Every structure is written in structure tokens, then in C-alpha cells.
Amino acid sequence: MRELRTALAAVGAFAVGYLLPGTLQLPVLIYDPVARGAHFGRVTNAVQMRYYGDLIVASIASLAAAAIAWKLPPRRTPLTIAAATALSLVALDVLFYLSRLLAAM
Amino acid sequence: MIKALLISHAILGFTAVFAATHHAAHAVLAALGKPQARALRRFGWIAPASILAQAVTGLAIYPAYRVNVRAADLERSAPIAVQLFDLKEHLAALALALVIGAAFAGRKADEETPWPVAALSCTGAAFLWTAAAIGLYVTARHSV
């Protein structure tokens with residue numbers, strides 16, 4: 001039970017932490033594969049990559065949520081509702097990225 | 001070096017796909033009331049280990065893809081392939097969290113409510129299959 005609640009919190013936080021920095025263009029770690037250098041900020045040309053930075057933010061959010069869920073006493077929220085919430089957040093990410101793909105077609 | 005990393009990424013990617021699929025299948029069987037504790041424990045470390053290894057190799061070749069494939073060719077010749085590859089990267093990232101989460105939670109899936117574990121595991125496996133198919137398509141068009 002405790003493992004599942006922790007995993008669901010981690011997955012939900014990863015989904016939020018992965019989606020928000022990219023959509024809001026928040027400053028993250030940016031890697032420039034041409035200059036072979038990294039900096040903290042926003043993407044300024046098409047070659048620069050924010051994928052590493054987005055992954056780091058999502059991983060930190062996920063680990064923080066997992067640690068909090070592991071430490072907190074068990075909630076009364078049914079596990080099915082917690083699972084549905086976590087998977088809905090994942091579905092929100094997928095719908096957003098699918099909409100970008102369809103918009104580009 | 002990049003070609004070797006790409007081949008490693010492909011092999012580890014398929015290992016991750018099949019391990020996650022096995023975990024998902026055992027999680028569903030556990031949810032149906034058939035004891036699967038041993039299999040869930042076994043694939044509960046194989047799936048996360050393989051997905052982490054394929055993610056590391058994927059992250060290592062991503063800059064080469066960005067410069068030698070995406071910027072040099074695909075953005076002009078196949079912009080849809082660029083968007084598909086971006087979707088693949090997002091699905092792979094989400095699958096990473098889902099597979100690790102399902103493996104962690106699956107350690108006790110036989111004892112307690114197992115359907116949420118099966119849902120996490122099946123979603124992660126489905127994302128991995130989709131990412132693998134898109135990765136093969138883009139690599140077939142232009143590899144690093």
C-alpha cells in the first residue's frame with residue numbers, strides 16, 4: 001500500500017514536472033550540441049536542447065513527491081482515485097504532445 | 001562510437017520493451033487473482049534496469065541526432081518525422097517514471113490492491129512500444 005501510494009505520487013509529480021517547464025518556457029538547464037556547452041536559461045535557437053533540463057526538473061519533482069508520500073501517514077483517499085489522478089496527469093501530458101504533433105501536420 | 005551507442009540503445013530499448021511488457025502481463029495476472037509475486041519481483045528489477053540503461057544511451061546520442069539528423073536533414077525533408085521523434089522522447093520520459101513506479105509498487109502487488117499497479121505497468125509498456133516503433137521509423141529514414 002505504502003509503495004503504491006509513493007509510486008503514484010512520483011508518477012503524478014513527474015508528469016506535472018515534465019509538462020510545466022516546457023509549456024511555460026521556464027528556465028532550465030540548456031545544452032548546445034554545436035557549442036558543446038550548457039547553461040541555465042531558455043532556448044535561443046532550434047539546435048539547443050532543453051530535454052535534459054526538463055528531465056532533471058521532472059526527476060527532482062518526482063523524487064520529492066515520492067519522499068513526501070513515503071514519510072506522510074497513509075491517507076484515506078482510495079487507491080483507485082489516487083491511481084486515476086496520476087494516470088490523468090500522464091494522459092494530460094500525452095494529449096498536449098499529441099496536439100502539438102497534430103498541429104504540425 | 002555514435003553508431004555503437006545507437007546499436008546499444010536499440011538493443012537495450014527492446015530489452016526494456018519486452019521486460020516492461022512481461023511486467024505488465026504479470027501485473028494483470030496478479031490483478032486477476034493469480035499469484036505472480038516471483039515474476040513481479042524478477043521483472044521488477046529487469047524492467048527498470050533496462051529502461052534506465054537505454055535512457056542513458058539515448059541521452060548520450062541525442063546531441064548527435066539533433067545536429068547530424070534533425071538540423072541537417074529532417075527539418076527540411078521530413079518535418080513530421082521531427083515532431084514524431086519529439087513525441088517519442090516525451091513518451092520515453094513518461095514511460096521511465098511509469099515503469100520504475102510500477103516496478104516499485106509491484107513488489108507488494110500480490111498482497112494488496114493490484115489493479116493500479118497493472119494500470120501503471122500497462123501504460124508504461126504501451127508508451128515504450130510506441131516509442132520503439134517511432135524510433136525505428138526515424139532511424140530508417142536517417143540514422144545518426
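Just so it is clear: chains get the letters A, B, ... in the order the sequence lines come, proteins before strands, and each one is counted from 1. Given the structure is predicted, the values throughout are model-derived calculations rather than measurements.
- The contact between A:Ala104 and chain B is made by backbone and side chain atoms together, counting heavy-atom distances below 4.5 Å.
- What you find for B:Phe104 and A:Ala7 is that their closest heavy atoms are CD2-CB, 4.4 Å.
- Ranked by heavy-atom pairs under 4.5 Å with chain B, the first of A:Val34, A:Thr6, A:Val94 is A:Val94.
- Inter-residue side-chain proximity for B:Leu59 and A:Tyr51 is flagged as met; some heavy-atom pair is nearer than 4.5 Å.
- Under the 4.5 Å side-chain heavy-atom criterion for Ile, Leu, Val, Met, Phe, Trp and Tyr, A:Val43 and A:Phe40 are members of distinct hydrophobic clusters.
- A continuous path of ILVMFWY side-chain contacts below 4.5 Å connects B:Leu74 to B:Leu6, so both sit in one hydrophobic cluster.
- Of the two parts of B:Leu87, only the side chain, counted from C-beta on, holds a non-hydrogen atom closer than 4.5 Å to a non-hydrogen atom of chain A.
- Residues A:Leu8 and A:Phe14 share a hydrophobic cluster, clusters being chains of Ile/Leu/Val/Met/Phe/Trp/Tyr side chains in contact below 4.5 Å.
- Using a distance-only test at 3.5 Å, with no hydrogens or angles considered, no donor-acceptor pair links the side chain of A:Tyr97 to the main chain of B:Glu89.
- Heavy-atom contacts from other residues, nucleotides or ligands closer than 6.0 Å to NE2 of B:His22 number 12 or fewer.
- Using a 4.5 Å cut-off between heavy atoms, A:Arg36 makes no contact with chain B at all.
- Rounded to the nearest 0.5 Å, atoms CZ (B:Arg107) and CD (A:Glu3) are 5.0 Å apart.
- In this pair, B:His90 and A:Tyr18 present their aromatic rings perpendicular. The plane angle is above 60°, beyond the 30 to 60° band.
- Between atom CG of residue B:Leu91 and atom CG of residue A:Leu98 there is a gap of 7.5 Å, rounded to the nearest 0.5 Å.
- Residue B:Ala71 touches chain A through its side chain alone, counting heavy-atom pairs closer than 4.5 Å.
- A 6.0 Å sphere centred on CH2 of A:Trp70 holds more than 12 heavy atoms belonging to other residues, nucleotides or ligands.
- Summarising the geometry, atom NZ belonging to B:Lys88 is positioned 14.5 Å from atom CG belonging to A:Leu101; distances are rounded to the nearest 0.5 Å.
- Top candidate by heavy-atom pairs under 4.5 Å with chain B, chosen from A:Pro33, A:Ala84, A:Ala82, A:Ala13, is A:Pro33.
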